[in-house]
Amino acid sequence: MLNDSTAEYYRRLVSEGVARVARTVAGTSRPFTGVTPGELAPVVDGIDLDRPLGDPAAALDELERVYLRDAVYFHHPRYLAHLNCPVVLPALLGEAVLSAVNSSLDTWDQSAGGTLMERRLIDWTAARIGLGRAADGIFTSGGTQSNLQALLLAREEALRLLRKNSPTPPPVCEMLPKLRVLTSEAGHFSVLKAAKLLGLEPGSVLSVPCDGDRRMRTDALARELRRCREEGLTVMAVSATAGTTDFGSIDPLPEIAELCQEAGTWFHVDAAYGCGLLASTRRRHLLNGIERADSVTVDYHKSFFQPVSSSAVLVRDGSTLRHATYHADYLNPARSAEKRIPNQVDKSLQTTRRFDALKLWLTLRIMGADAVGALFDQVVDLAADTWRILEEDPRFTVVTRPTLSTLVFRYTPGAEADETAVDLANLHAREALAASGEAVVAGTVVDGRHHLKFTLLNPETTTDDIRAVLGLIAGHAQEHLASAAARRNGSPAA
């Protein structure tokens with residue numbers, strides 16, 4: 001146990017672990033080893049957890065075999081797949097501190113300074129967004145939880161207004177089936193998941209078409225709002241996106257805000273990805289309109305370069321957080337609120353919570369917000385350069401010009417190629433690349449066709465890395481097409 005008598009042993013133990021990780025990272029030449037589940041699972045399954053090794057060095061040796069050796073390393077410049085970022089060193093310092101002290105951010109008497117620091121960071125973020133003096137929020141486990149809580153508040157506010165405006169307030173069981181959520185067809189799947197968890201009807205989330213830049217079409221949104229009103233349905237929220245997962249597109253926030261205001265509808269912005277713009281000195285204007293949101297999701301563990309998890313949900317009107325408030329006599333009795341004791345559990349869907357805010361706190365105090373914003377600007381600049389590379393390369397077709405740092409593209413050998421064969425070639429290229437460990441890219445489906453995706457969140461990635469990975473992709477795809485053609489012709493594969 002960590003206490004006054006073991007403090008020195010703790011220091012040596014953690015130092016040994018950190019040294020092992022540092023050596024592994026320093027010696028990493030590829031983002032992935034290409035290990036398969038079939039290869040690694042027997043190694044893990046073969047460990048007898050009821051027979052401890054008793055020796056930290058032996059346990060770390062074993063950890064290298066089952067985890068460190070085959071981990072996917074996001075810090076590598078050729079990891080280009082998902083919204084996973086390399087992390088800044090001040091945040092790792094915070095991670096070490098918060099794990100050791102082990103504060104629980106549910107009540108003041110378990111966290112004290114941690115409570116105030118988290119609240120200060122919420123105020124800082126709300127000010128960056130421009131939500132106003134009445135804003136509030138809470139740190140969460142990630143964007144999915146933040147979207148869930150935002151839609152919970154939207155649902156409760158919609159039900160409250162329905163009761164208020166009805167001469168005979170209907171029961172909840174009659175109101176729920178008439179609630180709808182509008183989001184773009186490029187929005188995050190967590191909106192659908194949240195609707196199910198909130199007890200809404202299947203089909204309650206209505207998809208709004210996007211334009212050619214994969215942004216929500218406001219004319220289509222206006223029509224859908226009007227249709228719902230005419231059919232006696234209540235749009236409890238419009239969920240816009242500031243940085244879609246596939247395309248990095250930002251919905252037209254000012255126009256959507258205007259439509260929501262006219263309709264009296266809760267305006268939510270999922271800025272889990274695009275929140276890094278809040279720290280940018282060059283591109284903050286891309287988020288114009290977000291200040292009119294009723295709720296905002298931010299993921300610091302994406303574009304603020306923080307370790308997982310570090311996220312938050314913020315609301316314009318802090319009083320709406322009461323919809324997540326429950327009092328327990330043993331934890332946060334109602335009299336605590338009357339005494340203005342700051343218990344964070346009063347605002348949160350979680351009870352026990354890590355002091356994840358400390359990582360962002362130390363990042364801001366050591367590096368500063370401008371430095372974080374500059375890192376995000378670097379990857380956005382890289383995405384613009386990558387788009388130009390793809391546009392000029394006849395082997396590839398890129399779907400749309402990036403706003404942030406994500407590009408969706410497709411290997412296209414020529415107009416005469418069979419689209420199904422090209423689908424399989426793109427799938428094969430991604431899998432073969434991962435199996436080689438030379439690079440990791442993501443995939444998605446656009447208009448029914450398989451595409452590849454770069455998600456650029458590493459400021460150390462260069463255009464040379466991009467060109468090298470594109471060459472590898474083209475090589476794997478060409479090899480697959482040649483082998484498939486040879487099989488069709490009955491000749492041996494090349």
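Quantities reported herein were computed from a predicted structural model and do not represent experimental measurements.
Under a 3.5 Å cut-off, the side chain of S190 and the backbone N or O of K193 do not form any donor-acceptor pair. Between the side chain of R335 and the backbone N or O of N332, no donor-acceptor pair lies under 3.5 Å. Checked by atom type and distance alone, the side chain of R354 never pairs as donor or acceptor with a backbone atom of S99 at under 3.5 Å. With hydrogens and angles disregarded, a donor-acceptor distance shorter than 3.5 Å links the side chain of Q149 to the backbone of K347. At least one donor-acceptor pair closer than 3.5 Å links the side chain of H301 to the backbone N or O of S310. The backbone N or O of S239 lies less than 3.5 Å from a partner atom in the side chain of T183, making a donor-acceptor pair.
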| side-chain contact (heavy atoms from CB on, under 4.5 Å) assessment of L259 paired with V238 | CA-CA 9 Å; L259 289 171; V238 172; over 6 Å; no
| field | Full working for side-chain contact (heavy atoms from CB on, under 4.5 Å) between L206 and V235 | value | CA-CA 10 Å; L206 304 178; V235 178; over 6 Å; no
| said: Between E185 and R217, does the salt bridge (charged side-chain N to carboxylate O under 4.0 Å, His left out) criterion hold? Intermediate values first, please. | reply: CA-CA 10 Å; E185 59 186 357; R217 283 175 42 196; over 6 Å; no
| request: Give the intermediate values and the outcome of side-chain contact (heavy atoms from CB on, under 4.5 Å) for residues M236 and L151. | output: CA-CA 8 Å; M236 73 179 218; L151 292 178; 4.2 Å; yes
| Can you check side-chain contact (heavy atoms from CB on, under 4.5 Å) on D317 and D294, steps first, answer last? | CA-CA 7 Å; D317 179 0; D294 293 291; over 6 Å; no
| field | Stepwise side-chain hydrogen bond (donor to acceptor under 3.5 Å, both in side chains) test for T281 and D370 | value | CA-CA 7 Å; T281 59; D370 287 354; 5.8 Å; no
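Smallest separation of non-hydrogen atoms from R215 and S249: CG-CB, 4.2 Å. When all heavy atoms of P307 and A91 are compared, the closest pair comes out as CD-CB, 3.3 Å. Nearest heavy-atom pair across F454 and T386 is CD1-CG2, 3.9 Å. Closest approach of P459 to F305, counting heavy atoms only: CD-CE2, 4.1 Å. Minimum interatomic distance between A293 and V269 (heavy atoms only, all atoms of both residues): CB-CG2, 3.8 Å. Pairing each heavy atom of A195 with each of S204, the nearest pair is CB-OG, 3.9 Å.
Sorted by first then second residue, the ring pair (Phe, Tyr, Trp, His ring centres under 6.0 Å) pairs that include residues 243-292, not counting sequence neighbours, number zero. The salt bridge (Lys or Arg N to Asp or Glu O under 4.0 Å) pairs that include a residue from residues 256-284 are E258-R292, R282-D381, R283-D377, R283-D381, where partners are two or more places apart or lie in different chains. The ring pair (Phe, Tyr, Trp, His ring centres under 6.0 Å) pairs that include a residue from residues 137-177 are F139-Y300, where partners are two or more places apart or lie in different chains.
Of the N and O atoms on the side chains of D109 and T107, at least one donor lies less than 3.5 Å from an acceptor on the other residue. Between D70 and T33, the side chains place a donor N or O and an acceptor N or O closer than 3.5 Å (distance only, hydrogens not considered). A donor and an acceptor atom, one from each side chain of S146 and S311, are nowhere located under 3.5 Å apart.
Within the 4.5 Å cutoff, the side chain of R410 has heavy atoms near those of the E419 side chain. With contacts defined as side-chain heavy-atom distances shorter than 4.5 Å, the pair Q350/Q344 does not qualify. With contacts defined as side-chain heavy-atom distances shorter than 4.5 Å, the pair S280/F376 does not qualify. Using a 4.5 Å heavy-atom cutoff, the side chains of D418 and T420 are in contact. Using a 4.5 Å cut-off on side-chain heavy atoms (C-beta onward), I122 and L314 make contact. The shortest side-chain heavy-atom distance between V87 and L92 falls under the 4.5 Å cut-off. With a 4.5 Å cut-off on side-chain heavy atoms, V440 and H82 do not count as touching. Residues L456 and L407 are in side-chain contact: their nearest non-hydrogen atoms beyond the backbone lie under 4.5 Å apart.
Applying the side chain to side chain contact (heavy atoms under 4.5 Å, CB included) criterion to T245, with sequence neighbours excluded, gives L83, H188, K453. M367 meets the side chain to side chain contact (heavy atoms under 4.5 Å, CB included) test with V88, P90, T363, A371, V372, L375; sequence neighbours excluded.
To the nearest 0.5 angstrom, N343 atom CG is 7.0 Å from L331 atom CG. Interatomic distance, T461 OG1 to Q378 CD, rounded to the nearest 0.5 Å: 10.5 Å. Summarising the geometry, atom CG belonging to N147 is positioned 8.5 Å from atom OG1 belonging to T241; distances are rounded to the nearest 0.5 Å. Interatomic distance, CG of L152 versus CD of Q145, reported as 11.0 Å (0.5 Å rounding). Here CD1 of I138 is found 9.5 Å from CG of L349. Values are rounded to the nearest 0.5 Å. Between atom CG of residue N102 and atom CZ of residue F355 there is a gap of 12.5 Å, rounded to the nearest 0.5 Å.
D246 and R214 are not joined by a salt bridge, as no carboxylate oxygen comes within less than 4.0 angstrom of a charged side-chain nitrogen. Between D423 and R449 there is a salt bridge, since at least one side-chain N of the basic residue sits less than 4.0 Å from a carboxylate O of the acidic one. We find that E224 and R227 are joined by a salt bridge, their nearest charged nitrogen and carboxylate oxygen being less than 4.0 Å apart. R353 and E118 are joined by a salt bridge, as a carboxylate oxygen and a charged side-chain nitrogen come within less than 4.0 angstrom of each other. The pair R340-D346 does not count as a salt bridge, with every side-chain nitrogen at least 4.0 angstrom from each carboxylate oxygen.
Around CZ of R119, the count of heavy atoms belonging to other residues, nucleotides or ligands within 6.0 Å exceeds 12. Atom CZ of R120 has 12 or fewer neighbouring heavy atoms from other residues, nucleotides or ligands inside a 6.0 Å radius. Shown here is E460, whose CD atom has no more than 12 heavy atoms of other residues, nucleotides or ligands within 6.0 Å.
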Output a table of donor-acceptor pairs, distance under 3.5 Å, between side-chain atoms of residues 153-163 and any protein atom two or more places apart or on a different chain; print 'none' if there are none.
residue, atom, partner, partner atom, Å
R155, NH1, L198, O, 2.7
E157, OE1, R160, NE, 3.3
E157, OE1, R160, NH2, 2.9
E157, OE2, R160, NE, 3.3
E157, OE2, R322, NH2, 3.3
E157, OE2, H323, NE2, 2.7

